[in-house]
Amino acid sequence: MPCSDPVVVDSTTATRRPRPRGRIAAGAATVIATINVAAALTAITALVMMPTLVAAAAPGTTAPSASAASTPATGYRELTWLQLVPPGWDPMKRFRDLNLGRLSDSSPRTASLMADLRDELDNAPLVESLQDAPVRLPGYVVPLQADRDGVREFLLVPYFGACIHMPPPPANQIVLVRLAQPARQLRAMDTVWASGVLKLDRQPSEMGVSGYRLEAGRVEAYRSPPR
């Protein structure tokens, strides 16, 4: 069910709304951190099932530029999640020849593999040309810092459940959003548009490593584009 007309989420008002089903953006990886063979298989399979992400990062793909034209109506340039991935990045490169069927739960190799997988995603490369770009990006909310006045910081992620019900996606698919004013009634997995100035700033948190930071001037409810 699509959301109703966008409602600005700020320190004074917010409107609860139904969440659209499905993912806002496809192609973000899910990697399981539990050390056992089944989890390792899930992790590798998730990376294999990233064709749109890998295709978007193939050599010859043009990376978005911070100097590109902004969205006329808002002053912010609308981005997709795939545009946060630099050309040429292939998260499967280190793991293509692995035979998971030969790994056992107690094998040190299994533990090492899982650590390597998480390291690959937490250190995913960023698009340098997006530094200081005024952008607008849709996503799901993972609250980080909140008080009685509302949410002050949250992670913006491309698919439902990331960092909460599922392990974190790559760092270049997580944006740390900092609000100038706390947002009341902004809750986990709310779907929003976040607009502001994008920074390249890798930051660890208890919910995952973010590769970008957005100094948000505006957060509004997500509405599906008209069909």
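This chain uses plain numbering: 1 for the first residue, then up along the sequence.
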Inset, instruction - Begin with the C-alpha distance, continue with both residues' side-chain angles, and end with the deciding distance and a verdict on side chain to side chain contact (heavy atoms under 4.5 Å, CB included) for Val157 and Ile164. - result: CA-CA 11 Å; Val157 295; Ile164 294 181; over 6 Å; no
Heavy-atom closest contact ([X] atom, [Y] atom, distance):
| X | Y | result |
| --- | --- | --- |
| Val142 | Met189 | CG2-CE, 3.5 Å |
| Ala124 | Pro170 | CB-CB, 4.0 Å |
| Met207 | Leu155 | CB-CD1, 3.8 Å |
| Glu206 | Leu144 | OE2-CD2, 4.0 Å |
| Ala162 | Pro169 | CB-CD, 4.0 Å |
| Pro143 | Arg187 | CG-C, 4.2 Å |

Any donor-acceptor pair under 3.5 Å linking the side chain of [X] with the backbone of [Y]?
| X | Y | result |
| --- | --- | --- |
| Glu153 | Leu176 | no |
| Asn172 | Val85 | no |
| Trp81 | Ile174 | no |
| Asn123 | Asp119 | yes |
| Gln83 | Thr80 | yes |
| Arg218 | Trp193 | no |
| Glu215 | Val197 | no |

Measure the spacing between [atom1] of [X] and [atom2] of [Y] and express it to the nearest 0.5 Å.
| X | Y | atom1 | atom2 | value |
| --- | --- | --- | --- | --- |
| Leu198 | Gln131 | CG | CD | 7.5 Å |
| Asp149 | Gln181 | CG | CD | 9.5 Å |
| Arg213 | Arg202 | CZ | CZ | 13.5 Å |

Inset, instruction - Determine whether Pro138 and Glu78 make a side-chain contact, defined as any pair of heavy atoms from C-beta on separated by less than 4.5 Å. - result: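 Pro138 does not reach Glu78 side chain to side chain.
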Legend entry - Minimum side-chain heavy-atom gap Gln145-Val151 below 4.5 Å: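 Sidechains of Val151 and Gln145: no contact.
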Going only through I, L, V, M, F, W and Y residues with side-chain contacts under 4.5 Å, is there a path from [X] to [Y]?
| X | Y | answer |
| --- | --- | --- |
| Leu79 | Val219 | yes |
| Leu214 | Leu130 | yes |
| Leu126 | Leu84 | yes |

Inset, instruction - Apply the side chain to side chain contact (heavy atoms under 4.5 Å, CB included) test between Tyr212 and each candidate in Val135, Val175, Leu137, Leu156; give the one that qualifies. - result: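 The residue from Val135, Val175, Leu137, Leu156 that satisfies side chain to side chain contact (heavy atoms under 4.5 Å, CB included) with Tyr212 turns out to be Val175.
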